[in-house]
Structures are given as structure tokens and as C-alpha cells.
Protein chains: 2
Amino acid sequence: MTTSRRTTLKHIAHELGITTTTVSCILNDTGGKYAEETRKKVLDTAKRLRYRPNALASGIRGGKIHVAGVMIQNRGHFSTEIINGIHDKLLENQTIMFLTWNSAKHTKSWDETAEQRTIHHLIDRRVDGIILSTSNENFDHCYFEEIWERNVPLILVDRQIPSISADFIGTDNQVLGALAAKHLLDLGHKRFLFCSNSHVGNAVQREEAFAGVLSSQPGTTFRSIDFMATDCSDQLRDAFGSAATRPTGVLCINDWTAIEVRRVAAAMGLEAPRDFSIIGSGDQHFTDPFAQNLTTFDQKPYWIGQCAAQCYLSRVHSQRKKGDPQIITIKPELLLRGSTAPLSP
Amino acid sequence: MTTSRRTTLKHIAHELGITTTTVSCILNDTGGKYAEETRKKVLDTAKRLRYRPNALASGIRGGKIHVAGVMIQNRGHFSTEIINGIHDKLLENQTIMFLTWNSAKHTKSWDETAEQRTIHHLIDRRVDGIILSTSNENFDHCYFEEIWERNVPLILVDRQIPSISADFIGTDNQVLGALAAKHLLDLGHKRFLFCSNSHVGNAVQREEAFAGVLSSQPGTTFRSIDFMATDCSDQLRDAFGSAATRPTGVLCINDWTAIEVRRVAAAMGLEAPRDFSIIGSGDQHFTDPFAQNLTTFDQKPYWIGQCAAQCYLSRVHSQRKKGDPQIITIKPELLLRGSTAPLSP
DNA sequence: TTGAAAGCGCTAACAT
DNA sequence: ATGTTAGCGCTTTCAA
């Protein structure tokens, strides 16, 4: 079919009347001493024939293929930046990545098995390791076992899976919760609300840290609402209903939730920062009007990505034994954009 | 070294006292008739041993590996959406992608050879084809030749390379220029400006279309500024300097340029839409204040990505002959966000 | 209905 | 300083 077969070691060897071994060793600088003349001939011919090694063939022999499998949630600017960080660090180390999302953004054809099939794509192509940001902390463990049994290094990003002992790089939720609490307290707020959209680890930790700092302050009240609840809008309207008890210091698990809260509040005639102060997280660069002046946390996603890739590389190359997982947390930075203000008297 | 060798066809065959051929044929449903009993035993054993095929080994035999190489410019939300489109369409077809940017976002270690080295990464891993958004329309052709000679299908996205006869999917610049002109004319503007940041094909085509529509209207003036010019700020200040001749209808090649224009104008006390109307392009979701109410074009990047992947797939699978490049243009949509207004009297 | 054998491109151990 | 050989995991004739 193909008229022009791609040039292989054999072609070069044949052309020069030598062995593929010789050619291989010279091109890879392995195996020591070869005549300068031979070396030159080989290099010249390789260049002339535009030889390019076949990484599949070397990979098949059990070596590393210098490819990482990356599977990540599709969450806008935040995950894009994580990917950028991973990409740049990997490429510095001659490694490229299979990138897959664990959900299709616009296509609805994403059934429950799709995530698992994607993992299989990665395994079948024999990636050296996998960097993963899970969509669901509690889903079926069976394909983690698949990864685990194969001794494929697994690095988790942003979302930890409690039952899996793998390396993890994510946001320092203690710091995040504490910074938010401190900022709102400094502005004079007394009644606080924490809004999450699911009961994931990040939410639990942030709520604990947030509430923890608040509880040390006399005269404060705290309440939390989970947007996964079916009656969350009711809860929110209830919380905002009475001016006397209305929370004025609100921390949200992410920018989506913050926007949603502002939308519900707006429908009640309440707006930030006039009537309440609100903080999101993730710096998602939304075009939604309610996101424009939203004070939020920069979770340093690019840096998270870099750390994840660094961790990946050290796992893949040094083959640290599993069982000593490395946990790295990155301190977030509060970005003051204008949705918080001193408590109006 | 590794205690647990991954299970291969040989393991299954050995366990059952049959040949790898049989196992292979049964698992792949090739080669016709096998006893139902054998078939069942093979499938059961494969599942029990968690067999997964080695795509490297099949790939080495010259077949497709169902992997696309994707190299794309790092341009925020716009390219992220293109990638999403590509990803979803590819995955529907059991294909995954190597994703690489042709520039590092934050790292400065990006010399001129890096882009070429990245192409080599893709070629060495024997991708079935390449989807490429170039950083530079005029750069060295040598690695296109490398791709070309290998009969690797090449699909260009967003930026065309005039000298290469490859498939191309991008924005319909005629429509974009015309829509912008029409919108601004409807608002009563008479003096127009087009700002680009380099002399790429997209800029040339949009300027032509924009100016073309304007020229059919009596009493209009047109001027263009290239932000690649060293004295571009001077030119801009010059253009905005006199109230009598100041352009009030401005089209920019992208949102970056639009923001830059607004910044310079702001320094002169001019703001949109009060003193002039301005349109960007790309809907980049910037957090910059000057981007907040910026009227811009949605270039449908997700759809561009889907089309690119579709085109890729048809190339890779049907092996259409090269030499009949397919050019697909996607119509952009004007997003009215508030940086344009009727000409004030 | 199943098996034997060759080969994809490359590498590594072991000669010479 | 260079060559021989075997084998990675799989597929593909061709034979039994």
C-alpha cells in the first residue's frame, strides 16, 4: 500500500553494509567504541534518510515510553492551568502526555463506563504512569485496582481519594478556610455561611477550617448549606430571609456556587458587597456578570500541575516503592476583587 | 525486577494449553470459527487475569494506533475549547490524543527548536495523524516536509499556512469582518479603525472584509494599525488624538488587542462605549476590567475542534489522497456585551 | 477448529 | 570495533 516505507535501522544498516546493532548503538550513544568513520557515516545516512526512531518498538521491550496518561475534570480555567503546569514540566523532561477529560463537555454521550474505558485506553498504550483528577471520590475502585496491580504510578490532583494510598497534590484547605475567615472577621462580619456543592473532602476540610477559626470568636454564628440537597434554594432563601439573622460573611466552595448564591440573593433584592460579603474559589474567569467582581482564591493551578508532574517524574524514574504516599498541599492566595466589604452598620 | 509481569497472550495460551494465535483471534473476533467452549474459556481467563492488549505491540506492525498528535497555541479559553471539541469527537471514535502546546506558558525555556522537537516526539510515537495550530505561519518548512513525506495526515486549525496544501478548519473571516462592519454602520459610525497584532492571514482577510463593506458606504473613513509595529502606541494616540477625525468604530483582531486599545484610550481619557465603539474577537474570558463588557465574536472554538477531529478521522481512516485539501470555515457570532453604542451626536 | 512460523523495529547479552 | 542472536507482544499468512 504505502509506497514509501518509513526508514528503519535496517535500511541504514543495509545501505552501509553493517549491522542494525551498530547503527542502534551509535545513534543512541550506547555500547562504547566505534570508529569515528563509521559513526560519521551512520549519522550522515540517518539524517539523509530522515530516520526517526520508532518509540513503539523500544517501548515494547518493557522500557519506559516517556508518556504520561493525564485524566482530569473539565473545569474551565482552573484545570486548564493545571494541565499547562503538567505539560511544561513533563516536556522539560522529554515526556509527553495523553490528555483525556473524565467527562465530555458538551456531548451527552458520557455514560458511566466511559471513564473506565478511558483508563483502559491509557493502560493499553502502556503509559509510564497516570496523573488523575477524579470526578468522583467514591466511585468504583475496580479500575484503581487495575492500575495498582500493574505497578503504574498514580498521582492524584486536586481531589484526594481517601481509600487509595497514592501521591496527592492539592490545595491547602486549612489555609484557605482560615484566610477566608480572617478576612471576613477583619471586615467586622458576625454571621457566617459556608456553601458547598457536594460532600467532597475539599469541602469538608474547608468548612472545618473556616468554622474552626470563627468558633474562637465570641458572638459569631455559623451555618452551612450543601447545594447537592434538593431543597438547597429553600435553605438559602431561608437563611437570607430575615435581615436580623441573615449571614453577611459567605464562603463558597467554588466560583460556580458563589455565582449561584449571588443569583438567588439577587432575586431577593440582595447584592454583594452591599448586603453581604461573598468569597468564591478557583478564579475561574467566568463571563457571568456575578463573577465579575467576585473575590476569590487563586489556588495556583499552574503550580499544582508542575508539582504533580514533578512528583510523577520522580515516581516513574526512581520507582519509589508504593506505600509511602507523598502529600503536597499548595497555599492559595486571596484575590480581592470587590465582592467583600466592611459590615455596614 | 518487576515481580508481577503483566499478563500477555502467551500467559493465557499457556494456561489453557492452546496457542496465542487462537487467543488473539478469539479476543479480537477475527479469523472465524472457534468452538464455543474454547471461546468461553479464553474470555474467562482473559478477564480473570485482567488481560489488557498491548497497543504498542499491535502498533509496531504498521497498523493504526488510534492516537492523534495535537499541537496547539496556548491562547486561553479559545484554544481550550478547540481542544475540548477535538477530544470529545476523537474519544467517540476510540482515539486519544497526545496534547502539546507550541509554547510553554510560564516557562521561559522555550527556544526555537522546541516546537520542532515536539513534532519529533509525535512522529517518533507514530501518531496516526497530526492536528496543528501553528504559532507562526511563516516558519521553517522543514518539519512539515518531515510530516509530509511520512504520509501522516496533517490538519491545520485556526491558522492556515499558505504554502502547505493541508486540510484547514478555521473562522470565516469574511463573515466576521462583514458582521462587524454592519453592526458598527447600523450604530451610525462613520470613521473606522482596524487593529491587528501581526500580519497573519486571519488579520488580512478580516481587514479586507471589514474595509470592503465600509467602502461601499459613502462618507466613511478607514484606517488600520498593526500592533507589531514599534510605534503602534504612537499611531494609536495619533489616531485618537483629534476629536474631529477620531475613529469611533473599532474592530480588533482579538480580545488582547482590544484590551490594549482600550487601555491606551483610557490613558487619553477616552472610554468605550461613550467615546468610541470597539469589538474584539475570541471571547477569551479575561478577568481584565477592560474585557468585562467587551463586545466580541464567539468563533465557535468547540465546533472548530469537532470539525477538525472529524476531518482528521476521515483522513486517517479513508486515506484520502493528499492534494485535495478540504477547507472548512466556521461562521462566528457577534456577542453584544456593551462596548459598542450608537454614535453620540 | 486450531497451530506453526515468520516478522514488525528495536535492544541487549554475548560472541568475535 | 563490530556482528550474532534472541526476544519484547502481537498479528498474519499458511498449513494441518
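Computed from a predicted model, the values in this text were never measured in an experiment. Order of the sequence lines fixes the chain letters, A, B, ..., with proteins taken first and strands second; residue numbering starts at 1 for each chain.
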Using a 3.5 Å distance criterion without hydrogens, assess whether the side chain of B:Thr80 forms a donor-acceptor pair with backbone atoms of B:Gly76.
yes
Report, as a single string ordered 5' to 3', how protein heavy atoms within less than 4.0 Å touch nucleotides 7-16 of chain C: B base, S sugar-phosphate only, - not at all.
BBBBBBB---
Inter-axis angle, terminal five-pair segments of the helix from C:dT1-D:dA16 to C:dT16-D:dA1 [nearest 10°]
40°
Applying side chain to side chain contact (heavy atoms under 4.5 Å, CB included), name anything that partners A:Thr22, two or more places apart in sequence or on another chain.
A:Ile18, A:Thr19, A:Ile26, A:Tyr34, A:Thr38
Residue list, side-chain hydrogen bond (donor to acceptor under 3.5 Å, both in side chains) with A:Asp44, at least two apart or on another chain:
A:Lys40
With sequence neighbours excluded, tell me which residues meet side chain to side chain contact (heavy atoms under 4.5 Å, CB included) with A:Arg61.
none
Hits for side-chain hydrogen bond (donor to acceptor under 3.5 Å, both in side chains) against B:Arg125, two or more places apart or cross-chain, chain-then-number order -> B:His121
For B:Ile18 and C:dG3, what is the distance between atoms CD1 and C1' respectively, to the nearest whole Å?
11 Å
Take the angle between the ring planes of A:Trp101 and B:His87 and call it parallel below 30°, perpendicular above 60°, tilted in between.
perpendicular
Quick one: how far along DNA chain D does chain A reach, first to last nucleotide 5' to 3', anything under 4.0 Å to a heavy atom?
D:dA1 to D:dG9
Quick one: does any side-chain atom of A:Asp158 pair with a main-chain N or O of A:Gly170 as donor and acceptor, under 3.5 Å?
no
Which ones in residues 33-47 of chain A lie close to DNA chain D, meaning a heavy atom under 4.0 Å from one of its atoms?
A:Lys33, A:Tyr34, A:Ala35, A:Thr38
Contacts of A:Leu49 that satisfy side chain to side chain contact (heavy atoms under 4.5 Å, CB included) - sequence neighbours left out
A:Thr7, A:Ile12, A:Glu15, A:Thr45
Only counting residues at least two apart or in another chain, list the ones meeting side-chain hydrogen bond (donor to acceptor under 3.5 Å, both in side chains) with A:His120.
A:Glu146
In chain order, what residues pass the side-chain hydrogen bond (donor to acceptor under 3.5 Å, both in side chains) check against A:Arg50, with sequence neighbours excluded?
B:Glu145, B:Glu149
I want to check something: taking the side chain as every heavy atom from C-beta on, are A:Ile130 and A:Pro153 in contact at a cut-off of under 4.5 Å?
no
Could you tell me which residues satisfy ring pair (Phe, Tyr, Trp, His ring centres under 6.0 Å) with A:Phe98, sequence neighbours excluded, listed by chain and number?
B:Phe98
